[in-house]
Amino acid sequence: MKGAAQLPIFRSTSCIRRFKSLISFFPRNSRSASVSFQCSETVETIESGQFNGVIDDKDLLRKSPNGNLLVLDLIDRCALQPDAKLYFDLFKKCTDQRKLKEGRITHAHFVASSFRNYVVLQNIAVNMYAKCCDMESARKLFDEMTERDMVSYTMLITGYSQNSEFDKALRLYVEMVEMGLKPNEFTFGSALKSAGGMQSDSMGRGIHGVCIKFGFEDNVYVGSALVDMYARCSKIDEAKVLFDQLKVRNEVSWNALIAAYAREGEGPCSLKLFVEMKRGGFRPTHFTYSSIFAACASNGAMEQGKWAHTDMIKIGVELVAFVGNTLLDMYGKGGSIEGAKKVFDRLVKKDIVSWNSMLTAYAQHGHSQEAIDLFEEMRDLGLEPNEISYLCVINACSHTGLVEKGLYYFDVMNENKLVLQITHYVAIIDLLGRAGELERAERFILRMPIEPTAAVWKALLGACRVHKNMLLGGYAAERVFELDPYESGPHMLLSNIYASHGRRDEAARVRKIMAQSGVKKEPACSWVEIGSSVHLFVANDDTHPQREKIRVMWEKLREEIKKMGYEADTSHVLWYADQREREERLQLHSEKLALAFALLNTPEGGSVSIKKNIRVCGDCHNAFKFVSKLVGREIILRDTNRFHHFRNGSCSCRDYW
DNA sequence: CTAGGGTTAG
């Protein structure tokens, strides 16, 4: 490197050091002086444009004014011979930084070089395209290779699996095995991921067999991938057996199983494994906590969720978006909008999902204005709201009857070249329908540019029920039956509408059709979390150990709220001709039982939290308002649609839901 | 040169 010091462009010793990567591209036996002379001239020319005189590793992808890569430009203009390491470094850098354009430039240069037939470099190029999500180029390059080794196949298989093209990945895997190439742990990892992605357990089992045959069954990577594969193929018990038999486990193996239980709604299993994982000396990661929070959110297990949150802080896992978003969602779904906001504000870095999750939380809690403000803040910050953001803000408007505002956002979205999906139309029907603008909603459906689905008519039907419109409701219900005959919801809604008009004969007829067609109604239930256990109630429940106390409690409450003006609204009970019996049935709705239970088993004065798997009935909603005033406690009720915060005789939804 | 696990909406 003696000649390097003579280079005019090397202005300081630190520059010399940083230029080493470039210098190393010079042919070993070239005379430094002449090379450097030519080179400096070129560089100075470039320098007058943009170049500040430094190329080091982090500047490797620096562009020259003509749009090419500076390093390659220098080499061309100086007629230098680059070595293989340059292409290696460039491809790798493009891969790491997902720079497709720069990768293409490098590839073009590489093809013209004397290394163009080096399999290793070709493999790296395939990988570069795959990581940059350009599978077509990766494939093309792969097909053009005169010689392909096991790594070439693995790179492409991995590329397909990471780009969710599982069928192509598997086909290539089969081809590779049939050709007699021996897969390694990398190949098996990606092939298994693909089998899991396609939920093809037959394929997965086949790969599993080949893993054993080639002796990879004890590899941690392969083992974790196997656990994940079986879990995704709905063979979670087999996944567990396999996990238990693993010779070597790491965090990923644990995470795969914890996540699987969380997906299946087996929250308690996730938590149990989480505890075992820690006891076994494994450090939980973002992935682990993310799964745990998701499990707690869907189970309504807030106490455990909070405990896990504390634990995460103790362990020192940073609140990055991926885990933070799930945590935010958990607080939102668990009824704590304050908790959700706190997480949102503390996120180290927010991504689009963070914003959308916060919007969702506001919408679910009926905080429309906050949702709108947040959405506007997002736009002010120059963040591009996506389809889901719009859906969230429209839903938020819908929850408090901000009809025009919601329609405004629908139009804005249309103008912003975002694709209006069917869910957006449903949201608008919901918006109009809840506000009682049924005809407008119907007209909106008829003018839709895409074919209305069952969900669209269902939204209208729901609105017809709330606003007791039998004629339009009947029409909407017919459309739903046509499009989605196996769902119980519309039948129930329709019979409810008939019943609320006193047409019990019609209501009974719908019930009969339902029974004949084998449509099953999911039983309504409510649940309450006390400490770490969840207590579930269904209507007319007489199985709970405290059933007598609960019944007595509710009778007491009922007497008191009657004095305050509560009157049973029996239009929600359908099948009992006798008025008195109808009233009694109503008193045994699952949410009322859950409320009585919750009041009995939680500290005086504190708030109680109840969750329900369908929307709250009108009578219960009314009764809850009275009870909140009577006992002087806040009652938080989550139904499938939103949160109701009952406080001092009124509800946060302002009776709009 | 290559690998496995996680989030929002409906």
Side-chain angles (χ1 to χ4, degrees), chain A residues 84 87-88 91-92 95 118-128 130-131 149-159 161-162 183-194 196 216 219-229 231-232 249-260 262-263 270 284-295 297 320-330 332-333 347 350-361 363-364 386-395 421-427 430 453 455-456 458-459 640-641:
Chain A
Y87 294 117
F88 181 96
F91 279 136
K92 225 172 149 40
T95 306
Y118 280 34
V119 177
V120 171
L121 282 174
Q122 288 174 330
N123 287 347
I124 296 171
V126 169
N127 186 43
M128 182 276 293
K131 285 290 184 317
D149 62 9
M150 177 268 284
V151 178
S152 327
Y153 274 92
T154 301
M155 296 269 203
L156 202 60
I157 290 169
T158 303
S161 95
Q162 289 177 347
N184 67 2
E185 63 268 43
F186 295 86
T187 330
F188 286 125
S190 294
L192 287 167
K193 182 187 161 87
S194 304
F216 283 101
N219 179 280
V220 217
Y221 287 97
V222 175
S224 305
L226 279 168
V227 169
D228 186 59
M229 184 275 293
R232 281 182 202 278
R249 288 179 210 137
N250 62 9
E251 314 82 63
V252 181
S253 334
W254 288 93
N255 290 345
L257 201 58
I258 290 172
R263 273 196 306 269
S270 288
T285 67
H286 296 139
F287 291 87
T288 327
Y289 288 106
S290 190
S291 297
I292 292 295
F293 295 147
V320 293
F322 245 123
V323 65
N325 297 343
T326 324
L327 184 61
L328 192 168
D329 183 56
M330 185 195 81
K333 287 211 169 78
L347 278 174
K350 299 177 181 64
D351 63 12
I352 184 77
V353 178
S354 322
W355 290 85
N356 291 350
S357 302
M358 196 62 228
L359 286 171
T360 302
Q364 283 173 338
N386 67 8
E387 286 87 348
I388 294 172
S389 322
Y390 278 93
L391 196 62
C392 294
V393 77
I394 293 169
N395 281 336
Q421 297 151 346
I422 197 76
T423 45
H424 297 99
Y425 290 94
V426 174
D430 198 48
T453 58
V456 172
K458 229 186 286 175
T640 37
N641 202 44

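Bear in mind the structure is a predicted one, so any value in this text is a computation, not a measurement. In what follows, every chain begins at residue 1, and chains take the letters A, B, ... in the order their sequences are listed. Because only heavy atoms are used, hydrogens play no part in the values below, and waters and symmetry mates are left out as well, while side chains stay in.
N219(A) comes within 4.0 angstrom of no nucleic acid atom, judged by non-hydrogen atoms across all strands. As judged by a 4.0 angstrom heavy-atom cut-off over every strand, N123(A) is placed among the base-contacting residues. Within the nucleic acid shown, T154(A) comes within 4.0 Å of at least one base atom, counting heavy atoms only. Counting non-hydrogen atoms under 4.0 angstrom, R249(A) reaches nothing in the nucleic acid. V220(A) comes within contact range of at least one nucleobase, with a heavy-atom separation under 4.0 Å. The residue Q122(A) sits apart from the nucleic acid: no heavy atom pair falls under 4.0 Å. T285(A) comes within 4.0 angstrom of a nucleotide base, judged by non-hydrogen atoms across all strands. Residue contacts shown for K350(A) are absent, as no nucleic acid heavy atom lies under 4.0 Å away.
Taking OG from S354(A) and CG from L327(A), the interatomic distance works out to 11.5 Å, rounded to the nearest 0.5 Å.
In the 5' to 3' direction, nucleotides of DNA chain B lying under 4.0 Å from heavy atoms of chain A begin and end at dC1(B) to dG10(B).
Scored by the salt bridge (charged side-chain N to carboxylate O under 4.0 Å, His left out) test, K333(A) finds D329(A) as partners (sequence neighbours excluded). Listed by chain and residue number, N127(A) satisfy the side chain to side chain donor-acceptor pair (under 3.5 Å) test with K131(A) (two or more places apart in sequence, or in another chain). A search for side chain to side chain contact (heavy atoms under 4.5 Å, CB included) contacts involving Q421(A) returns E387(A), T423(A), H424(A), not counting sequence neighbours. Residues passing the ring-ring contact (aromatic ring centres under 6.0 Å, His included) test with F216(A), sequence neighbours excluded: F188(A). With sequence neighbours excluded, no residue forms a ring-ring contact (aromatic ring centres under 6.0 Å, His included) with F186(A).
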